[in-house]
2 protein chains.
Amino acid sequence: MTATTLHEPSHREALWELEAAFERGDVVTLFGTCTVEYDGRAASSLGPGARLLVLKPDGSALVHTDEGRTPVNWQPPGSEHRAAVRDGRLRVRSVRTTPAETLDVRFSAVDHLAAYGVTGGRDVEVVGSEADLKERIVADPSLVEAGFEPLATERESEAGHIDVFGRDAEGRPVVVELKRRRVGPDAAGQLARYVNAIEREEPDGTEVRGVLVAPSVTDRARDLLAEEELEHVAVDPAASDDE
Amino acid sequence: MTATTLHEPSHREALWELEAAFERGDVVTLFGTCTVEYDGRAASSLGPGARLLVLKPDGSALVHTDEGRTPVNWQPPGSEHRAAVRDGRLRVRSVRTTPAETLDVRFSAVDHLAAYGVTGGRDVEVVGSEADLKERIVADPSLVEAGFEPLATERESEAGHIDVFGRDAEGRPVVVELKRRRVGPDAAGQLARYVNAIEREEPDGTEVRGVLVAPSVTDRARDLLAEEELEHVAVDPAASDDE
DNA sequence: GCCTTTATTTCGAGC
DNA sequence: GCTCGAAGTAAAGGC
């Protein structure tokens with residue numbers, strides 16, 4: 001892996017290295033004092049300050065301060081990075097279309113620039129997602145209730161994609177909505193929409209049950225579930241193989 | 001601003017510099033080959049690869065590959081960073097509680113380390129948010145409809161916070177929900193919940209109107225609005241002073 | 001491309 | 001601390 005670094009480069013030196021790094025498809029980090037202007041879906045302006053700029057070969061751009069997980073400004077993948085020196089100052093501009101968005105970073109001082117060939121090993125295996133919960137339900141339908149029989153995990157309805165569809169011990173259709181964590185009113189509304197859609201699809205008068213499978217629900221969600229005559233089944237969030 | 005950089009340091013040299021940087025409250029970037037283990041709300045495992053690790057003094061940790069705006073692994077602010085050398089390899093561990101989460105980055109090779117004093121200028125002024133839309137509505141209520149009179153922008157209901165509440169030309173109560181961009185069924189559901197809540201609060205039989213103010217709505221949202229007898233008013237998203 | 005939903009969402013406000 | 005909703009949400013999957 002090659003790493004090129006410049007310590008307190010001139011703006012013009014930084015520009016040369018930046019352009020070479022773009023050419024190579026490197027990931028670039030830039031530390032320095034800069035202002036940031038963004039215009040697109042919204043618009044924002046950020047006064048002078050010391051920041052970290054990360055530029056990726058896929059077009060992503062991140063402006064980080066010393067605080068927060070979220071960049072203070074950014075540009076999503078698919079943007080195009082361009083660098084220039086204007087009035088003796090390095091300027092990095094990242095532009096994308098649909099939607100039209102521009103990120104403009106103007107440096108008054110560049111403290112450090114590093115360019116790296118970063119490749120390989122992007123695949124993360126995340127465990128504990130909603131998909132995992134679905135697998136648990138299918139493997140052990142009694143987690144929903146005794147006698148529950150899953151019929152489809154990919155059923156489409158007029159209202160959208162239903163997590164698990166099946167029938168209870170008495171043969172009544174059951175719509176199951178899965179959430180891996182405590183849920184609010186939005187999830188109750190989502191389940192209600194699905195149940196209504198299935199009621200329209202089933203023969204007239206068929207009673208369709210709706211079950212929200214989640215670790216817990218908020219008070220407001222509980223009220224909404226009661227109002228819509230939907231049910232909540234508590235499941236332990238993690239607990240698959242580990243304890 | 002002081003910037004310390006190490007090029008291809010030994011694992012032990014990297015450790016010393018890391019600990020000094022933590023002490024100083026610097027932002028640190030580390031390039032190298034590493035594996036990443038995360039365990040907390042979910043769990044994940046990331047095999048060896050070249051990555052960029054960013055450590056912030058507020059406890060944030062970001063693991064970036066050469067793709068994507070979102071880090072492949074991370075730890076939110078409030079975590080605590082610790083570094084150590086085990087079996088001759090640098091290991092950075094970031095831990096937080098509530099919820100208990102651990103991020104473990106094990107390096108097989110450290111290519112570059114940089115530490116920076118990044119301070120000041122974190123405040124971004126974002127224009128074009130929902131709050132801006134609310135100001136526009138209050139300044140010109142006819143954007144909702146002729147004769148609309150806003151009475152409250154902070155009205156609380158049993159179902160939650162209502163963006164704008166007012167009365168139409170005939171004196172009927174109107175619940176206005178604002179969205180700065182095209183909306184789906186969730187927003188229609190949200191508005192329906194607010195309208196229902198106000199109908200319960202108003203004298204029996206009072207007809208309460210619900211108006212969704214947004215640039216546009218999806219087909220499904222349109223159906224849902226029609227079902228619930230709610231209305232949609234189109235507003236240009238940007239368009240305040242600029243054109 | 002649009003639509004829909006999930007996310008280790010993050011973040012902020014209010015209670 | 002929890003709840004709720006916004007976000008330039010991002011990212012994935014389906015059409």
Side-chain angles (χ1 to χ4, degrees), chain A residues 38-44 60 62 67-79 96 98-103 124 126-131 133-134 154 156-157 159-163 177-187 190 193-194 216-221 237-238, chain B residues 36 38-44 60-61 63 67-79 96 98-103 124 126-134 154 156-157 159-163 177-187 190 193-194 216-222 237-238:
Chain A
Y38 156 74
D39 194 30
R41 286 169 290 179
S44 77
S60 313
L62 312 168
E67 286 189 344
R69 203 219 69 134
T70 302
V72 68
N73 272 118
W74 69 91
Q75 199 68 293
S79 313
R96 75 157 174 165
T98 56
E101 293 191 297
T102 308
L103 182 73
V124 220
V126 179
V127 175
S129 63
E130 191 181 292
L133 181 55
K134 190 192 291 181
E154 305 292 331
E156 277 304 323
S157 80
H161 180 92
I162 290 168
D163 287 339
E177 173 67 23
L178 305 175
K179 295 291 172 191
R180 56 182 300 281
R181 49 179 227 173
R182 184 171 174 83
V183 297
D186 52 336
Q190 200 181 338
R193 293 201 304 274
Y194 295 160
S216 59
V217 299
T218 67
D219 288 352
R220 208 109 83 189
Chain B
V36 186
Y38 155 73
D39 194 30
R41 287 168 291 178
S44 77
S60 312
V63 181
E67 286 189 345
R69 203 216 70 135
T70 303
V72 69
N73 272 120
W74 68 90
Q75 198 69 292
S79 313
R96 75 158 174 165
T98 58
E101 292 191 296
T102 307
L103 182 73
V124 220
V126 179
V127 176
S129 63
E130 189 181 294
D132 287 299
L133 182 55
K134 190 192 291 179
E154 305 293 330
E156 279 304 323
S157 80
H161 178 92
I162 289 168
D163 287 339
E177 174 66 24
L178 305 174
K179 294 292 170 188
R180 57 179 301 280
R181 49 179 226 174
R182 184 173 174 84
V183 297
D186 53 334
Q190 200 181 335
R193 294 202 302 274
Y194 295 161
S216 60
V217 299
T218 66
D219 287 352
R220 207 109 84 186
R222 189 175 302 282

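Numbers restart at 1 for each chain; the letters A, B, ... are given by sequence-line order, proteins then strands. Quick caveat: nothing in here was measured; it's all calculated off a predicted structure.
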Check side chain to side chain contact (heavy atoms under 4.5 Å, CB included) between Arg220(A) and all other residues, then give those that pass, not counting sequence neighbours. Pro185(A), Thr218(A)

Using a cut-off of 4.0 Å on non-hydrogen atoms, how would the nucleic acid contact of Ala159(B) be classed: base, sugar-phosphate, or nothing? sugar-phosphate

Applying side chain to side chain contact (heavy atoms under 4.5 Å, CB included) to Thr102(B) and not counting sequence neighbours gives Arg93(B), Val95(B), Asp104(B)

Span of DNA chain C in contact with chain A (heavy atoms, under 4.0 Å): dG1(C) to dC11(C)

Which whole number of Å gives the distance between the C1' atom of dT10(C) and that of dT6(C)? 14 Å

Rounding to the closest angstrom, what is the interatomic distance between dG8(D) and dC4(D) at atom P? 23 Å

It should be established whether Thr218(A) places a side-chain nitrogen or oxygen under 4.0 Å from OP1 or OP2 of nucleotide dC2(D). no

Residues at least two apart in sequence or cross-chain that pass side chain to side chain donor-acceptor pair (under 3.5 Å) with Arg41(A), listed by chain then number, are Glu101(A)

Pairwise distance NZ(Lys134(B)) to CD(Glu154(B)) - rounded to 0.5 angstrom: 4.5 Å

Applying side chain to side chain contact (heavy atoms under 4.5 Å, CB included) to Ser60(B) and not counting sequence neighbours gives Lys56(B), Asp58(B), Pro77(B)

Can you sort out the partners of Asn73(A) under side chain to side chain donor-acceptor pair (under 3.5 Å), two or more places apart, ordered by chain and number? Ser44(A)

Does OP1 or OP2 of dC2(D) have a side-chain N or O of Arg220(A) closer than 4.0 Å? no

In the structure I gave you, are the side-chain heavy atoms of Asp163(B) and Glu130(B) within less than 4.5 Å of one another anywhere? yes

Answer yes or no: does a side-chain N or O of Thr98(B) lie under 4.0 Å from OP1 or OP2 of dG1(D)? yes

Could you give the distance separating dT8(C) and dG5(D) at their P atoms, to the nearest angstrom? 22 Å

Residues two or more places apart in sequence or in another chain: which of them pass side chain to side chain donor-acceptor pair (under 3.5 Å) with Arg181(B)? none

Please classify the nucleic acid contact of Lys134(B) as base, sugar-phosphate, or nothing, using heavy-atom distances under 4.0 Å. nothing

For the pair made of OH in Tyr194(B) and C1' in dA6(D), what is the distance, rounded to whole Å? 11 Å

How is Asn73(B) classified with respect to the nucleic acid when contacts are heavy atoms under 4.0 Å: base, sugar-phosphate, or nothing? base

Taking the nucleotide of DNA chain C with the nearest heavy atom to each, does Asp186(B) or Gly128(A) sit closer to the 5' end? Asp186(B)

Name the nucleic acid region contacted by Ala100(A), choosing base, sugar-phosphate or nothing; use a 4.0 angstrom heavy-atom cut-off, strictly under. nothing

Counting distance alone, no hydrogens or angles: does the base of dG5(D) have a donor or acceptor under 3.5 Å from a partner atom on the side chain of Gln190(B)? no

I'd like to compare against my own output: the B/S/- annotation of nucleotides 9-15 of chain D with a strict under-4.0 Å heavy-atom distance to protein. SSS----

Can you name the side chain to side chain contact (heavy atoms under 4.5 Å, CB included) partners of Glu156(A), sequence neighbours left out? His161(A)

